[in-house]
Amino acid sequence: MYLEVNELTVDFHTEDGVVHAVDGLSFGIERGTTLGIVGESGSGKSVTNLAVLGLHNPETAKISGSIMFDGQQLLGAPRSTMEKLRGNKIAMIFQDPLTSLSPYHTVGAQIAEVYRKHRGVSKSVARDRAIEMLDRVGIPQPKIRVDDYPHQFSGGMRQRAMIAMALVCDPGLLIADEPTTALDVTVQAQILDLLRELQEQTGTAIILITHDLGVVAQTAHDVLVMYAGRAVERGTMPEVLREPRHPYTWGLLGSMPTLNRPVDLPLHPVRGTPPSLINVPSGCPFHPRCDYMKLLGPEVCKGERPELAPHRGHGDACYLSPSQKAELRARPAEETK
Amino acid sequence: MLRFLIRRTLAAAVILMIISAVTFLLFYAIPADPARLACGKVCPPETLAQARHNLGIDKPLMVQFVSWVVAIFVGRDYEGLGHCPAPCLGYSFVNRQPVFDTIIDRLPATLALTVGAAVIFLLFGVATGVIAALRQGKALDKIASVSSLIGASVQIYFVGTLLMYFFVYQLHVFAQPKYIPITEDPVGWFSGLLLPWIVLAIIFTANYTRMTRSTMVETLSEDYVRTARAKGMSGASVVLRFALRGTLTPIVTIFGVDLGTLIGGAIITETTFGLQGLGRLSLNAVNNSDLPLLMAVVLVAAAAIVVMNVVVDALYAVIDPRVRLS
Amino acid sequence: MNIRRRSAFALLAAASMALVGACAPGNAGAPAGAPSAGASSAAPAAAPYKPAVITLGTAEDSKGPAIAPEGVVKGGTVTMIDRDDYAHLDPAQVYVNTDANMGLLLNRGLTGYKRIAKGEYKLVGDLATDAGTPSDGGKTWTFTLKDGVKWQDGAPITSADVKWTIERMFAPFVTFGPSYIQQWLTEEDYKKAYKGPYDGKELDNIETPDDKTIVFKFKTPHADANYAFAMAGYSIVPKAKDTKEKYDQGPVSSGPYIIKSHVVDKSYELVRNPNWDPNTDPIRGAYPDVWKLEFGQEALQITDRLVADSGPDQTAFTFYAAVPPERLQQVLDDPNLADRRMISPSPYGNYYYFNLDRVKDQKVRQAVNFAWPSKQIQQTLGGPNAAALPTTILNENTTVGYEPYDLFEKTTKPEGDIEKAKQLLAESGNPNPTIVYAYNQTPVQEQVTVVIKNALEKAGIKVVAKPLDRKTYYDSISQTKNEFDLYWGGWGADWPSGSTVMPIIFGPVSDGGQNMSHLNTPELSAKMKEISENPDIDAANKAWMALDKEVQEKYTPLVVAENRIATTLHGSKVGGAEIDPQQWVVSPNTIFVKK
Amino acid sequence: MTTPTSTAPAVDATSVTETQEAVGRSPGQLMWLRFRRDRTGVISAIIVIFFFLVAILAPVIAAVYGKNPYTLYGQDIPGLLNDYGYPVAPNGGISSEYWFGLEPSLGRDVFTQLVYGIRTSLGIAVVATIIMTVLGIVIGIVAGYAGGKTDYFVGRVIDLTLSFPQTLFIIAFMPVVDSILVASNEEPPVWLRAVSLTIMLTAFGWAGLARLLRGQVLSLRTREFVEAAKVTGASPARIVFKELLPNLWTPILIQSTLLLPAMVTAEAGLSFLGVGMGELVPDWGRMFLRATQVYRNDITYLIFPGVALLVFVVAFNLLGDSIRDAFDPKIKR
């Protein structure tokens, strides 16, 4: 595994109590592949990836478990080590390119800065590299635009610039945190294409964080579904999307409009709101929102916490047996209510 | 940028002109006849009339105002008193010299006082603000916030006098506050102004600490700061190159206002420490009914404020490329 | 010309009035030099301060150089710190004591006061070889100029310059200076009689038979004219270099120093005048090489600097900035300051005048006097070390032949006798009169007002306190039709003679005049005229003293106010610092810088 | 949950709890709830109320204490002040009789002077604050709502007002205002200076608030609910009072809480410069003026008004901060 996360737990100590943002999460990713992490906001997707980069405030965030990157333990690594990795071996792009780029510096300067920092090259070399990168991500007239400020770019161009900035040092791992959420649909597709293209050229591993299963379907090789700081389902993209096993994943898919769904069939969003991360429900954290609890009874769902099967391949964390699931999948959801 | 500057300078000139006109009208409503004061007690009517004529106050108010404005650009001759060369802000019958000379003479003390203090409170205020923001909730942050709160609430005449009592007269740590030109005695200049600087800094630092801290906290949570960290930028460079940059705009704003106000009239500070600057000059002008001098001081003080406003606006564009000047 | 600064306007008014009105001050008929001849006769009652002795000097006394103070050192730079820059530099416009004191460094006149020893002075010839020779019964005065007296450019000072000096004082622009000589030369409204020399017209009764001799021919006898010529206002101005109004910006020096630089309201630097010869000057020691004058600090800050005595302030002193009351305790209690303190009582008279046109009942006036909180006012002003409590109209420290009396039991009951006051008010038929007290709206006067109000109201008098703007205070109270019952006023003699007080403060009543009580009876006027014309100076002095008491007994036109005592400090390296008892400022003549 | 710093999860967490709490509570109630939880805010509020109570109850306090601020105790009773006018007893003459000591020279009681002084300072400050708040609201709303030429004109007037060197101007003008209010030979009433001071402070104080409110109104004007009201034909008065004003109370309250201590210190500063209240009216500023003259011998007389003013201003500023926090919990300072 290029990146292997094991039993990762992230707790935040706040005035109101301990926030269990990530709880015993494990996953891995190989070079040249894309892992899609899906879940609602607050499910711990971003926290997990910020933990990989070591960007949490050590004062408030208590992190345990293990994060192995390319054979190196990142958790507890000294700050200088992390600074050398960030932007260099592991890069990240963010959801909103407008706010994620510094308004006070030119796009070129922001890209060149990374290159200079990690490669120690001269200003002019870094600048040339920045132009080259802008060209690679498809910015027209890169020699001119390199001196523009982010507010002079359009939304899609900004995200391209972000990608250029992330890839300027040819990182082995790229974490893309909702890279397309803030963009309109046509631009979304262009950016995803760009990411795929670049991955083919460089063999970069990509972690794609999204709440949009459509995006996952377009790009990911593997999928991890998170709920309340835990992984509830894991598998290859076709496995998870075609044969989802966890009721939460069902809910997610049910809430996604697709072209092959009959128009008259209503969408079924997951009911209720995400749980408080301070008082995580006992047992399966999803049970207060789960339609199938009455099948098993509350004592089961609130009892021992279901674990994701440790073996590799397609797995989920639910009390329902595979046969029960298969049966339930066959009927329309509303009948169970 | 150039167009902006020209436009703003013109607007500033208009504001100054209006302030002058208002001041002029109101000041000449003060029941004190400059000619009488210039003439003395044994003042025969014809001498009084002559004095009125010499000072140009026998003409209608509007004419007086126009000639006052014209004199600023071309100078003016006061019969029997002398010539007042080009930036002629009037002629003081109390001092018997062009008020411009008096103001130029006092300006260095006020500038030394304000600029010296401003350097201290700007640097110190921003530094403590940054530290407090980085050490949110820690002891250092709490100390900074409590002391800045007290500093902001304290009065110059109280804390200044108290410090003088203890540190000048009881412990003899500081020299007696005094302005000596730096060209005359650099050490004396420094030691004479040190206490006033510190007192002004105590009071003004608070504002900067609070402002820097709150904007810094906000900026540190900005996405682009996170991006910078994700790029592998070191902690110091993140704070200085990215986060601090974002806090500059509000700081420049209040700094411009503070500096403008202080240059125009650190009256209480100069009174507390007995420094001979514009503030004291204006107080003397009030006490002597020296209207020409008072007019000029008001104009200079207003100019300081207005000019600082233009400078601040221009600086916005330098600091933040998103700001378009028009 | 003993004028305290704040009363400058009032005194100017007095000066103008003196010459317009009937009672020109002066000891008409007295022999030359007599006015102060008997100065040694009376020791004042309370005498921690020895009054100055001023006598007439001889031609021998008039020869330079000045008598050096003990341990004198020549050279060095001395710093003088004061609050206010001088209002006028043109001698013709100088009347105020501080301006006059500055004039001593730059200008010379025909006569002046020579210090013989501490507290002992002689009127001597300054530019003149002696203090002048009267003839024709005091109507004609002749002065001869010394050899070797020069202007700063080396040109000799001639009798034409002296004549010009007096003539130019008739010019319309000269409005601040003294006017005795002008008045005596014309004996009418002098500004109308002659318009000054600038249009080519001369005054016939100033004669210059040669370059060295100058003769003044007055219309009436003025035996004390030589004292008048000692006023700084009569210091000379060069005919060739006169610039009219602009001369006020800087005089051509005839004195020991010339102005090297002057920043208005801030500083002067004075350097030696190479053409001043100490051997011609009996008055000015001029020991330091350089004078630095510094203005703009309050008395409080000046005191603090002089107490601290650090670095450059060791060679600093002040002409006029006395220790303010709030530092007095500290300064007087500090034994280390003992040899750096100078203490001198005010030579002036200070009074709370009743407006006799409004407060018509003498019983009320007496009641106010009895109830007067003298001691409390004294305490407010800084205690017995800051103010004395005189009981007489004439100043005990500057009046020759002083006789104390105490009509209102101020010696025994300085805090006031409320019972006695109530009793008097009951007798007056109006036990609760209203007194409108007008005061100069300064912080100190506001406090004093609180004290006065507090005391008088205990006696049943309703006090309406009326603050007056400090710039127009003297204008307001010297209006004859003013709406006030009680107000403060000061008066100082222009030269040491009792006759320059009473005939003025009880002289003619006019707007802007000095008779602020409006006491003006034919009987009193006749009496004053009689004393003024008495050729026996001792008898006259006695008579003035008796009249002093009689006025208070018979009319009670005023409450005698507290008399300030100045305590002044100088730096540890300043020598020869002494308060001039007449001018009430530290004299520059004896100042030197210790090594 | 996308921020790396600690605040983010904390805010997230509180927002979760508050959404539960918020059910059925008005913003006012919410504000009150948050405020009550803020210990500093509550303490400052108590101190501020204490100062107001002292001001209102000054005569009662003085009666219980048995002194008044007008009697010259030090002069009437021998042995309290020395020859120089300073209190004989140490620490400015503090004793069981005179709790805060005696005023040098005049010998008045410092405690009652201080207590009555609050009246003067607070009275002027409160009146000035109220007037300038009303002025600020009216001008700000008119400019912001009317827009166009009115707005431009008001904006320039505000710029102009803010460009005046205020302290200098007030000092120069106090005599003029006095002379306008009272003819020269009338007895100037005690309240004259208070009126002049209030006028001058107000003349320069309204502009800041007006500018702020104008900005707020400008942004509110384009918001949906105002647009909606306009479309439904609501009268301008209705829009101003029902739609705009309710949304402006927060900045108005915060600003006036900050204005009040500023006015108290401004009044004291002017008195210190000699253009404040005259004698007989107890006033903190004049105490400072006197204290800075006598401090070398009697530092106690400086410390009492100094500390009292400091405590008051600190409490008021803290209260202002707390009110702001209570209204707007997002800004954590």
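Numbered from 1 within each chain, the chains take letters A, B, ... in sequence-line order. Predicted, not measured: the structure shown is a model, and the values here were computed from it.
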Problem - Heavy-atom donor-acceptor pair, C:Gln379 side chain to D:Asn82 backbone, under 3.5 Å - result: yes
Problem - More than 12 heavy atoms from other groups under 6.0 Å of CZ on D:Phe52 - result: yes
Fill in the blank from the handout: Highest number of heavy-atom pairs under 4.5 Å with chain D among C:Ala386, C:Gly382, C:Pro373, C:Pro325 belongs to C:Gly382
Practice task
Provide the closest heavy-atom pair for C:Val450 versus D:Leu72 in the form atom of the first, atom of the second, distance.
Solution key: CG1-CD2, 3.8 Å
Exercise for the section: Kindly compute the distance separating CD (C:Gln329) from CZ (D:Arg296), expressed to the nearest 0.5 Å. Expected result: 12.0 Å
Practice task
Look up atom CD in C:Glu415 and atom CG in D:Asp76, then write down how far apart they are to the nearest 0.5 Å.
Solution key: 10.5 Å
Exercise for the section: Rounded to the nearest 0.5 Å, what's the gap from OH on D:Tyr86 to CD on C:Gln330? Could you check? Expected result: 8.5 Å
Handout entry: Exceeds 12 heavy-atom contacts within 6.0 angstrom, atom NZ of C:Lys413
Key = no
Practice task
Could you pull out the closest heavy-atom pair between C:Leu300 and D:Thr292, with the gap in Å?
Solution key: CD2-O, 3.9 Å
Fill in the blank from the handout: One should read off an interatomic distance between D:Arg286 CZ and C:Glu446 CD, to the nearest 0.5 angstrom, of 7.0 Å
Practice task
Decide yes or no on side-chain contact (heavy atoms from CB on, under 4.5 Å) for C:Asn454 and D:Leu106, but give the supporting numbers first.
Solution key: CA-CA 10 Å; C:Asn454 184 53; D:Leu106 289 182; over 6 Å; no
Practice task
Check whether any side-chain N or O of C:Gln376 sits under 3.5 Å from a backbone N or O of D:Gln75 as a donor-acceptor pair, and report yes or no.
Solution key: no
Exercise for the section: May I ask you to name which of C:Thr449, C:Leu381, C:Thr380 has the most heavy-atom pairs under 4.5 Å with chain D? Expected result: C:Thr380
Practice task
Heavy atoms only, distances under 4.5 angstrom: which of C:Gln378, C:Lys375, C:Glu298, C:Arg327 has the most pairs with chain D? Name it, please.
Solution key: C:Arg327
